[in-house]
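The structure under discussion appears below in the form of structure tokens.
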Amino acid sequence: MSRPSFDDIFGLLSERRRRYAIHYLSRTPDGAATLSDLVEQVVAWETETSPNDVPDDYRRRIEASLHHTHLPKLADANIIDYDARSESIRYWGQPVLEEYAEHVAAMELPE
């Protein structure tokens, strides 16, 4: 797998939900997750509250944007494999991308 260019890296990191996805997926065992697990974490980070306290319509909007926009973009960049049918995600790891994502996460993620 080739290393993404800096233009690709900054393009991928230009959207908050993609940054959240990369941050979450880089910390999962074996880089594997489900869309619902990712949605729950993104909901928690975006609202800084328990996902149980978030209205279902907000959760569905996050899920739709990840499913239709952000995960396909990461898959097109060969950062993840995303099976839309099973909603399974496999992150392949990109150290340079993770390094920049980590800097941003330290500034924007809740403690």
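Note that this is a predicted model, so its numbers are computed, not measured. Here, residue 1 is the first one in the sequence, and each next residue gets the next number.
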Minimum heavy-atom distance between L12 and R18, given as atom pair plus value
O-NE, 3.0 Å
Value rounded to 0.5 Å, distance of CZ in R16 from NE2 in H23
14.5 Å
Would you mind reporting whether T28 and L38 have side-chain heavy atoms less than 4.5 Å apart?
no
Side chain T69, main chain L66, donor-acceptor under 3.5 Å:
no
Are Y20 and H70 an aromatic pair, judged by ring center distance below 6.0 Å?
no
Rounded to the nearest 0.5 Å, what separation is found between the CD1 atom of I89 and the CG atom of D83?
10.5 Å
As a quick check of understanding, evaluate side-chain hydrogen bond (donor to acceptor under 3.5 Å, both in side chains) for S86 and S88, giving each step before the final call.
CA-CA 5 Å; S86 68; S88 62; 2.8 Å; yes
Distance, nearest 0.5 Å, that separates CD of Q94 from CD of E99:
12.5 Å
Contact between E108 and H103 at the side-chain level, heavy atoms closer than 4.5 Å - yes or no?
no
Spell out, yes or no, whether V104 and V96 are grouped together once hydrophobic residues are joined by side-chain heavy atoms under 4.5 Å, including indirect joins.
no
Roughly how far, to the nearest 0.5 Å, is the CG atom of D53 from the CD atom of E48?
13.5 Å
Answer yes if the side chains of E98 and Y91 hold a donor-acceptor pair under 3.5 Å, and no otherwise.
yes
Side-chain donor-acceptor pair under 3.5 Å between S36 and T34, yes or no?
yes
d(R19 CZ, E102 CD) to nearest 0.5 Å is 13.0 Å
Heavy atoms of S65 and R17 approach each other most closely as OG-NH1, 2.7 Å
What closest approach, in Å, do V54 and R59 show between heavy atoms, and which atom pair accounts for it?
O-NH1, 3.6 Å
Cationic N near anionic O, under 4.0 Å, E15 to K73:
no
So how far is it from L71 CG to I79 CD1, rounded to the nearest 0.5 Å?
12.5 Å
Between Y100 and F10, ring centroids under 6.0 Å:
yes
Test side-chain contact (heavy atoms from CB on, under 4.5 Å) on R60 and D56 and set out the steps.
CA-CA 6 Å; R60 283 191 299 273; D56 287 339; 3.3 Å; yes
Test salt bridge (charged side-chain N to carboxylate O under 4.0 Å, His left out) applied to R61 - qualifying residues, sequence neighbours left out:
D57
Residues D81 and W92: side-chain donor-acceptor under 3.5 angstrom
yes
